[in-house]
Asks: 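Before we start, here is the structure in question, set down as structure tokens.
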Amino acid sequence: MPHSEEWVTWESGNSRRKADAPLGEWGYPEQSSTRRVGLPESWATRCADAGNNAGMNDQSSPRHALIVGAGLAGSLLACYLAEMGWRVDVFERRSDPRAKGYLGGRSINLALSARGVWGLAGVGLDAHVLERDAIPMRGRMIHPPGGGATVFQPYSQDTNDAINSVSRGGLNLTLLEAAAAMPGVEFHFDQPCVDVDLDACAAMIHQPGGTTTRVQADLVIGADGAFAPVRLRLIKNDRFEYSQSYLEHGYKELMIPAAAELSEGALRGHSARDGFAMEPNALHIWPRGGAMMIALPNRDKSFTCTLFWPLDGEHGLTSLRTEDEVAAFFKQHYPDATPIMPTLVRDFRANPNGSLVTVRCWPWQWGGKTVVIGDAAHAIVPFYGQGMNCAFEDCRVLARCLSEHRDQREALEVFQAERKPNADAIADMALENFTEMRDKVGDARFLYRKRVEQTLHRLHRDRVHPQYNLVSFSTVPYVEARQSGRRLDALLEKLIARLPMGSREELGDVAWEGKVSEIGGELLAKSEAPVGAS
């Protein structure tokens, strides 16, 4: 499933392709030639050090990890474990994307923020990924109904704060290449896990020839997504808690091409820059009260668009059945976007509708021999852009726990105790942020509240940290970020009651900011703890 607020969606990649090129099973077009992604020069040194770690292991042979899933979390965790001297086998049901290459093409993009960067930094891949793949987005660009002037809402008073649009396919290849270069790591493609023997710590792997092989390990790790076979096996256990809940909304991916592919007439009225049809360093949102569209930039100057609409009803994904209905509806509700979406009608009719699910389960580990991470443990809706970032945090924390605790069961218990409350917190915040993005970002009262919040943050930077900043631009635990957000909400309610909407126009900017600082300072002095303290 998707993972972003700032999640982003289908990408037209760095190389041109025909719009109807078939998608591979990893979500991007297939290509006959192999494409190597390239790794940092320092990676050879890390690989050599990992080999030395394996040789210095105080056990008679390296511990053996079996990872189910060669996606983002599985590949990153393989890097961590290899550096710790483990022998790692990664089994994946899909084919090897390196064999078919990465053309770019349409692939789900993701939002990489501070937590994900922290996860990559643990194995030295952060700067490499940010330099090669990322486009920084420093705020939301709101497109109001009727096609009026856009409004930019910065994420933070600090201009260095940004979330980054990255290609899922490109990032996955980078992590896969990095892990495969490590000593002791082996990938096995076209070999799905069909069952797990929890007592024996073994996985049953279906081979391409039709047979099933039993693979023994010291630790089985499920990094195999929201509908994970490893977790499905855990569900069969007594007292294993599991829930999944769907939104009434679904999603569909669309596309805005590079400015060079559009006519001058289509671009009229748009802030085309650097080859993009719109401002590239922003997350674009068309809030429509109960529905919305978002668009994020890609490296080839295109934008990936995602509709988050109800599945049914007047503004529903299943309600527009003919080409004329699609064209007329978008012209009415998204008038500024329609001229720069030349393949809109075709894409709307051809691209599938997706569902949005939240998954919770407990425990994440079983018997000290099996553990689930990422979406397999805590799939969330994409409206805070934290699915991948949370999974990358899982990888680094799990590696730390396995390193610090010699007893493997103890390590896994510490891991799940630390991560589960935080996963629940970001799942709740993601659901709440959907309402904000969909319904509030164009509301005058919401905009005033955000102005007060950011002004207070700027004037009392040591005491006030908005929830969004803590979630996206720090590694403060999600639980603490949510608690801080609640305290700040209460303080803002009191401040705005004394300095209501309209007071800025009456007082003028300088006097109004002085009042925000004065009243905010009084309220902060009365509070028991700093609002947003980490």
Side-chain angles (χ1 to χ4, degrees), residues 2-19 21 23-24 26-31 33-40 71-72 75 97-98 100-113 116-117 120 125-141 162-178 253-262 267 270-284 294-306 340-343 347 382 385 388-389 392:
H3 288 74
S4 122
E5 173 185 0
E6 314 282 20
W7 169 67
V8 291
T9 46
W10 295 89
E11 181 209 16
S12 286
N14 300 324
S15 302
R16 299 285 180 221
R17 75 175 188 92
K18 294 181 179 179
L23 301 184
W26 289 80
Y28 39 82
E30 298 178 355
Q31 182 186 21
S33 62
T34 300
R35 182 263 199 189
R36 309 293 290 184
V37 300
L39 293 168
L72 297 169
S75 297
R98 297 169 299 173
K100 297 177 179 178
Y102 174 56
L103 179 62
R106 288 184 168 187
S107 66
I108 291 175
N109 273 15
L110 301 169
L112 177 66
S113 55
V117 172
L120 293 169
L125 289 172
D126 51 327
H128 179 70
V129 168
L130 289 172
E131 180 182 352
R132 285 178 57 93
D133 297 324
I135 299 178
M137 300 176 293
R138 296 185 173 85
R140 299 165 173 162
M141 188 69 75
I163 58 175
N164 301 282
S165 173
V166 296
S167 162
R168 171 189 280 273
L171 179 56
N172 208 149
L173 279 175
T174 296
L175 296 177
L176 199 158
E177 290 276 12
E253 295 91 2
L254 303 172
M255 172 188 170
I256 294 173
E261 300 178 30
L262 297 166
L267 289 170
H270 289 275
S271 55
R273 184 167 72 83
D274 298 333
F276 290 86
M278 304 184 296
E279 167 58 49
N281 297 121
L283 170 77
H284 293 259
I294 68 171
L296 290 97
N298 299 308
R299 299 284 286 193
D300 73 339
K301 314 293 185 180
S302 69
F303 282 84
T304 293
C305 303
T306 306
I340 56 175
M341 301 177 75
T343 60
D347 290 346
M388 172 185 67
N389 295 288
F392 283 4

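Please read all numbers here as calculations on a predicted model, not as lab measurements.
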Asks: List in chain and number order the residues that pass side-chain hydrogen bond (donor to acceptor under 3.5 Å, both in side chains) with His284, two or more places apart in sequence or in another chain; answer none if no residue qualifies.
Replies: His143
Asks: Between Lys301 and Ala259, is there a donor-acceptor pair closer than 3.5 Å when you use the side chain of the first and the backbone of the second?
Replies: no
Asks: Kindly compute the distance separating CZ (Phe392) from CG (Leu125), expressed to the nearest 0.5 Å.
Replies: 9.5 Å
Asks: Report yes if the side chains of Arg299 and Ser167 come closer than 4.5 Å at any heavy-atom pair, otherwise no.
Replies: no
Asks: Counting only N and O atoms by type, is there a donor-acceptor contact under 3.5 Å from the side chain of Asn298 to the main-chain atoms of Asp300?
Replies: no
Asks: Working to the nearest 0.5 angstrom, can you tell me the gap between Asn172 CG and Glu177 CD?
Replies: 11.0 Å
Asks: Taking the side chain as everything from C-beta on, heavy atoms only, tell me whether Asn281 gets closer than 4.5 Å to Pro297.
Replies: no
Asks: Enter the distance from Met137:CE to Ser165:OG here, rounded to the nearest 0.5 Å.
Replies: 5.0 Å
Asks: Got a donor-acceptor contact below 3.5 angstrom from the Asn164 side chain to the Leu112 backbone?
Replies: yes
Asks: Measuring only between side-chain heavy atoms, which start at C-beta, is Leu176 closer than 4.5 Å to Pro97?
Replies: yes
Asks: CD1/Ile294 to CG/Leu254 distance, rounded to the nearest 0.5 angstrom?
Replies: 11.0 Å
Asks: Does the Arg138 side chain pair with the main chain of Ile163, one donor and one acceptor, at a distance under 3.5 Å?
Replies: no
Asks: Holding to side-chain hydrogen bond (donor to acceptor under 3.5 Å, both in side chains), I want the full list of residues that pass it with Ser113, two or more places apart in sequence or in another chain.
Replies: Gln386, Asn389
Asks: Are side-chain heavy atoms of Leu120 and His128 found at a separation under 4.5 Å?
Replies: no
Asks: Among Leu173, Leu72, Asp133, find the residue that satisfies the side chain to side chain contact (heavy atoms under 4.5 Å, CB included) test when tested with Arg168.
Replies: Leu72
Asks: Just wondering, do Val166 and Met388 contact through their side chains at under 4.5 Å, heavy atoms?
Replies: yes
Asks: For the atom pair CG (Leu262) and CD1 (Ile340), what is the distance rounded to the nearest 0.5 Å?
Replies: 7.0 Å
Asks: To check you understand the geometry: which heavy-atom pair defines the closest contact between His270 and Ala277, and what is its length?
Replies: CB-O, 3.4 Å
